[in-house]
Protein chains: 2
Amino acid sequence: MKEKNEMPQCDCTIIHNDVIDRVRGEMPAAGHFYDLSELFKSLGDQTRLKILFALSRNEMCVCDIAALLDMSQSAISHQLRVLRNVRLVKYNKVGKVVYYTLDDNHVNEIFKQGLDHVAHQ
Amino acid sequence: MKEKNEMPQCDCTIIHNDVIDRVRGEMPAAGHFYDLSELFKSLGDQTRLKILFALSRNEMCVCDIAALLDMSQSAISHQLRVLRNVRLVKYNKVGKVVYYTLDDNHVNEIFKQGLDHVAHQ
DNA sequence: GTAACATATGAATGTTTGTTCATATGTTAC
DNA sequence: GTAACATATGAACAAACATTCATATGTTAC
């Protein structure tokens, strides 16, 4: 029989205090994790990945992307905003047409490593 | 006044059919986008990023991670399962203790590129 | 066998996210 | 000015997700 007021669970005899203390000291600032998670979150959606791949091949306007992916203009526009927010894409307005391109080529590197990982069996 | 039965919106005079057709031909298989999005989704969470960073510094058991991040053992265990599912971490059981490590070093590369991107202003 | 502990897991809950729909903004051509 | 069109955006809603809680599994030491 357990005593109910004696917290059980895993207040575990933390097995490796030395490691914990050292790694805690090496932890990047919280803000970095936040920014990184926002970046990867934006890559964690098939539609956005397809948009990024397409833009890695050619500059495209919103309608082009919508036609290519067979999705509504609105859906694409919303997703482009997400990609803009993390500075993965930038745009160039020409009259009423807005041309999107990749912002830099970190995306391509990340993409490549990612494909490597999933292909690797 | 618009006629209501004449679909408006953006059935747009798709401005660049040539580009669309070419890029469509270059699109990777749908499965690749799915796998990639699952991978990045798993990286799109601060807790999991912290776990991965910690493991990049040192092998750790579940309790170590929970203590380091000041979170419940259960929460960490759930997140580790997500990371296992995309093969970002693997484990080694020694008695009742389960030691986790990174599965390969694509993670480190992806991490680095990601940090580069967010640091770059 | 039992007690203690490290980890895993299912259900529940609140939050976040992707798409749709309706509509607004801004540009071009008249 | 108006009509037509490319894009953006707010609200709404369903689906996906992260954490908590309670509990199950599996191991060690007795």
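In what follows, chains are A, B, ... by sequence order, proteins preceding strands, each numbered from 1. Keep in mind that this is a model prediction, so the values were computed, not measured.
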Q: Indicate if B:L80 and B:L52 have the same hydrophobic cluster label, given that clusters are the connected sets of ILVMFWY residues with side-chain heavy-atom separations under 4.5 angstrom.
A: yes
Q: Determine, for nucleotides 14-20 of chain D in 5'-to-3' order, which nucleotides have protein heavy atoms under 4.0 Å from the base (write B), from only the sugar-phosphate (write S), or from neither (write -).
A: ---SSBB
Q. Any donor-acceptor pair under 3.5 Å joining the side chain of B:Q73 to the base of C:dA8?
A. yes
Q. Could you give all pairs that pass the ring pair (Phe, Tyr, Trp, His ring centres under 6.0 Å) test and reach residues 29-62 of chain B, with sequence neighbours left out?
A. none
Using distance only, find each side-chain donor-acceptor pair of residues 96-112 of chain A under 3.5 Å and give its atom names and separation, not counting sequence neighbours.
from   : atom 1 : to     : atom 2 : distance (Å)
A:Y99  : OH     : B:H16  : NE2    : 3.4
A:Y100 : OH     : A:R84  : NE     : 3.2
A:D104 : OD1    : A:H106 : N      : 3.0
A:D104 : OD2    : A:H106 : ND1    : 3.2
A:D104 : OD2    : B:H117 : ND1    : 3.2

Q: Would you mind listing every ring pair (Phe, Tyr, Trp, His ring centres under 6.0 Å) that reaches into residues 54-78 of chain A, with sequence neighbours excluded?
A: none
Q: Would you kindly give the CG-to-C1' distance between A:L80 and D:dT9, to the nearest whole Å?
A: 13 Å
Q. What's the shortest heavy-atom distance between B:T47 and B:L69, and which atoms?
A. O-CD1, 4.1 Å
Q. Which nucleotide in the list C:dT9, C:dT7, D:dA8 gets nearest to the side chain of A:Y100?
A. D:dA8
Residues 18-25 of chain B, side-chain donor-acceptor partners within the protein, below 3.5 Å, at least two apart:
from  : atom 1 : to    : atom 2 : distance (Å)
B:R22 : NH2    : A:N58 : OD1    : 2.5
B:R24 : NH1    : A:L68 : O      : 3.2

Q.
For B:M71 versus B:A75, what's the shortest heavy-atom pair and its separation?
A. CE-CB, 3.9 Å
Q | For atom CD1 of B:I15 and atom C1' of D:dT7, their distance in whole Å | A | 11 Å
Q) Going by the salt bridge (Lys or Arg N to Asp or Glu O under 4.0 Å) test, which pairs reach into residues 44-66 of chain B, not counting sequence neighbours? A) A:E26-B:R57
Q | Contact residues, residues 91-99 of chain A to DNA chain D [heavy atom, < 4.0 Å] | A | A:K96, A:V97, A:V98
Q: To the nearest Å, give me how far apart CG (A:L83) and P (D:dT7) are.
A: 16 Å
Q: Please state how far atom CZ in A:R81 lies from atom C1' in C:dT20, giving the value in whole angstrom units.
A: 14 Å
Q) Could you state the interatomic distance from CG (B:L39) to CG (B:L88), rounded to the nearest 0.5 Å? A) 5.5 Å
Q | Atom-to-atom span, CD1 of A:I51 to P of C:dG18 - whole angstrom | A | 11 Å
Q: Please report the shortest heavy-atom distance between A:V82 and A:S42, naming the atom on each side.
A: CG1-CB, 4.0 Å
Q | For DNA chain D, stems built from three or more consecutive Watson-Crick or G-U wobble pairs below 3.5 Å | A | C:1-30 with D:1-30
Q: Provide the closest heavy-atom pair for A:A66 versus A:I76 in the form atom of the first, atom of the second, distance.
A: CA-CG1, 3.7 Å
